[in-house]
Amino acid sequence: MLDINFIRDHTERVKKGMLNKGEKSTDIVDKVLVKDEEWRKLVTEVGQLRADSNSRAKEIGALMGKGKKDEAQKIINETGQTKEKIKELEELLDQLAVERDSLLYQIPNVPDDSVPVGATENDNEVISEWGEKVQKEWFKPHWELASDKKWIDFERGSKVTGAGFPFYVGNMARLQRALINFFLNEAVKNGFTEIQAPYFVNEDSARGTGQIPDKEDMMYTMPRDGFFAIPTAEVPVTNFHRDEIFELDNLPVYYTAYTPCWRREAGSYGADVRGLNRLHQFDKVELVKFVHPDHSDRELESLKEYAESLLEKLGLPFRTLLMCTGDMGFTQTKKYDLEVWSPGQKRWLEVSSCSNFGSFQARRMQLRFRNENGKNEIMHTLNGSGLALPRVVAAIIETYQTEAGDMKVPEVLVPFMDAEKI
RNA sequence: GGAGAGAUGGCUGAGUGGUCGAAAGCGCUCCCCUGCUAAGGGAGUAUACUUCAAAAGGGUAUCGAGGGUUCGAAUCCCUCUCUCUCCGCCA
């Protein structure tokens with residue numbers, strides 16, 4: 001959520017950001033300012049009433065102490081209406097705060113100035129491309145190879161759980177494990193602390209990173225226990241430090257975590273969802289950064305560059321996109337997507353998304369640090385995939401396939417696989 | 001799952017209805033003393049919101065969370081959460 005004071009001071013900028021992100025109307029900004037105005041007026045009023053009431057109570061206490069019960073009783077008799085009035089206004093105050101906050105939650109983060117203004121994915125900017133796209137006539141899509149080799153069992157996955165929950169079998173299970181190890185090792189080498197996180201989170205955590213109320217439908221829920229299956233490790237890892245205050249010297253903090261991710265993907269259909277392109281359960285190594293607000297810009301750049309280095313090491317051609325305002329999402333100030341080339345499908349597949357959230361997530365989570373002046377200040381958070389497995393696996397299968405129907409193992413994975421070909 | 005104990009400021013820990021936002025100690029910051037080290041003396045040291053042009057200063061709230069009783073709650077009552085101990089179960 002945005003800082004209400006920021007909205008008050010930069011109203012036009014907030015509105016412009018909303019429109020650029022594709023919101024139809026900015027009425028909500030005006031509404032929230034009105035609510036805030038009412039709330040602040042009332043807070044002062046209630047404060048005064050409570051001050052009166054407190055000073056009376058002190059007087060009574062003093063009189064009682066001296067044994068002057070009659071005088072005390074006199075004052076007690078006067079307090080009746082004030083008490084009722086306070087109660088009444090307190091209820092109104094709570095209600096106003098709830099209304100103000102629920103409006104506040106609906107205002108998206110303001111895009112950074114460097115983000116191109118645009119409405120759809122067509123307005124995203126391709127900022128770099130790496131690798132040579134090799135194309136052979138006999139190239140097959142990964143699902144054909146995977147089924148020939150019995151590497152991925154979609155049918156049994158459907159039987160046991162449902163569509164989008166495949167089994168990985170034999171060498172493919174091994175390839176997945178190799179990738180997870182490779183990604184985690186690389187991250188640790190680059191200063192990220194590895195952590196293992198819970199796979200379920202509670203409602204507060206889901207709210208902290210912004211899945212609630214915006215993207216509730218993306219998550220699987222366990223109503224009996226009040227848990228959500230994590231749609232990404234970002235949720236538990238960012239919430240790891242919820243409500244904490246960091247010492248200045250301890251920033252930045254980097255984490256990496258491997259977890260499965262569960263997404264309902266309601267409404268998805270068509271050719272996009274074939275094979276490994278879109279699953280309900282998939283594996284991902286996530287990267288999360290907690291940083292000083294002055295550094296989040298450059299931290300995003302280094303995060304993106306790190307994610308790119310993984311694809312380079314795997315020898316997979318890819319391109320990097322700077323997402324336009326309309327395609328970047330509610331909570332981000334700036335976002336890069338990495339797309340790997342899928343030669344079997346002849347299309348780009350998103351495998352990483354690196355985002356700067358500014359203070360948007362941190363404010364909800366009360367994630368603060370003690371700044372240069374000894375004051376508590378909201379920090380900035382970032383995250384990125386490093387990387388999501390299924391589409392990387394798809395690209396590896398397709399890129400490294402041989403005419404005989406085998407697959408060469410990418411060089412960096414050979415030590416993890418104990419095999420050069422599968 | 002059963003039984004019991006507990007949750008107070010950065011930490012330890014006092015406080016069972018009336019100047020308690022909270023004793024004391026530790027830690028931390030500043031100052032003084034001391035030619036090193038050690039020790040000693042003094043002052044300060046929570047957060048959020050609000051008021052104010054700003055600072056200073058006010059005000060309000062916060063003793064796990066939420067509700068209640070009362071003129072007044074850290075203190076009494078109810079609900080919840082978490083932690084610890086014992087028993088049971090268990091990878």
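Computed from a predicted model, the values in this text were never measured in an experiment. In what follows, every chain begins at residue 1, and chains take the letters A, B, ... in the order their sequences are listed.
If you take CZ of A:R56 and P of B:rU19, they are 19 Å apart, rounded to a whole angstrom. The CD-P distance, from A:E90 to B:rG66, rounds to 13 Å in whole Å. Summarising the geometry, the separation between CD on A:E91 and P on B:rG67 is reported as 11 Å, rounded to the nearest angstrom. The interatomic distance linking A:L63 (CG) with B:rG17 (P) rounds to 20 Å, in whole Å.
Here the separation of B:rG64 from B:rU47, taken at their C1' atoms, is 16 Å to the nearest Å. B:rC77 and B:rG1: their C1' atoms are spaced 28 Å apart (whole Å). If you take atom C1' in B:rG13 and the same atom in B:rC26, they sit 11 Å apart, rounded to whole Å.
Of the N and O atoms on the side chains of A:N109 and A:T333, not one donor lies less than 3.5 Å from an acceptor on the other residue.
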Under 3.5 Å, which N/O atoms of the protein pair with N/O atoms of nucleotides 72-79 of chain B?
none

Write down the protein N/O and nucleotide N/O pairs, taken from nucleotides 48-55 of chain B, whose separation is under 3.5 Å; answer none if there are no such pairs.
from	atom 1	to	atom 2	distance (Å)
B:rU50	O2'	A:T44	OG1	3.3
B:rU51	OP1	A:R40	NH1	3.4

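With sequence neighbours left out, the salt bridge (Lys or Arg N to Asp or Glu O under 4.0 Å) criterion links A:K140 to A:D148. A:E420 pairs by the salt bridge (Lys or Arg N to Asp or Glu O under 4.0 Å) definition with nothing, not counting sequence neighbours. Under the side-chain contact (heavy atoms from CB on, under 4.5 Å) criterion, A:S25 pairs with A:D27, not counting sequence neighbours. In this view, A:F6 and A:H10 satisfy the ring-ring contact (aromatic ring centres under 6.0 Å, His included) rule, not counting sequence neighbours.
Judged by closest nucleotide on RNA chain B, A:I245 is the one of A:D94 and A:I245 placed further toward the 5' end. Residue whose closest nucleotide on RNA chain B sits further toward the 5' end, between A:Q48 and A:R370: A:R370.
Nucleotide B:rG25 forms a pair with B:rC11, judged by Watson-Crick or G-U wobble geometry with both contacts under 3.5 Å. For B:rC36, there is no paired base (Watson-Crick or G-U wobble, both distances below 3.5 Å). Base pairing of B:rG6 is made with B:rC82, judged by Watson-Crick or G-U wobble geometry with both donor-acceptor distances under 3.5 Å. With both pairing distances under 3.5 Å, B:rG18 is matched to B:rC71 as a Watson-Crick or G-U wobble pair.
In this structure, A:F290 and A:H241 have perpendicular ring planes: the angle between them is above 60°, well past the 30° mark.
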Can you give the donor-acceptor pairs under 3.5 Å from side chains of residues 177-188 of chain A to other protein atoms, not counting sequence neighbours?
from	atom 1	to	atom 2	distance (Å)
A:N181	ND2	A:R177	O	3.3
A:E186	OE1	A:K313	NZ	2.8
A:E186	OE2	A:K189	NZ	3.1

Donor-acceptor pairs under 3.5 angstrom involving side-chain atoms of residues 156-169 of chain A: please list them, not counting sequence neighbours.
from	atom 1	to	atom 2	distance (Å)
A:R156	NH1	A:D153	OD2	2.6
A:S158	OG	A:F154	O	3.1

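Between atom CG of residue A:N239 and atom CG of residue A:D204 there is a gap of 8.5 Å, rounded to the nearest 0.5 Å.
Applying the side chain to side chain donor-acceptor pair (under 3.5 Å) test to every pair with at least one member in residues 393-402 of chain A, sequence neighbours left out, gives these pairs: A:H142-A:E398, A:S342-A:E398.
A:G47 comes within 4.0 angstrom of the backbone, heavy atoms only, and of no base. Nucleic acid contact class of A:I60 (heavy atoms, under 4.0 Å, all strands): base.
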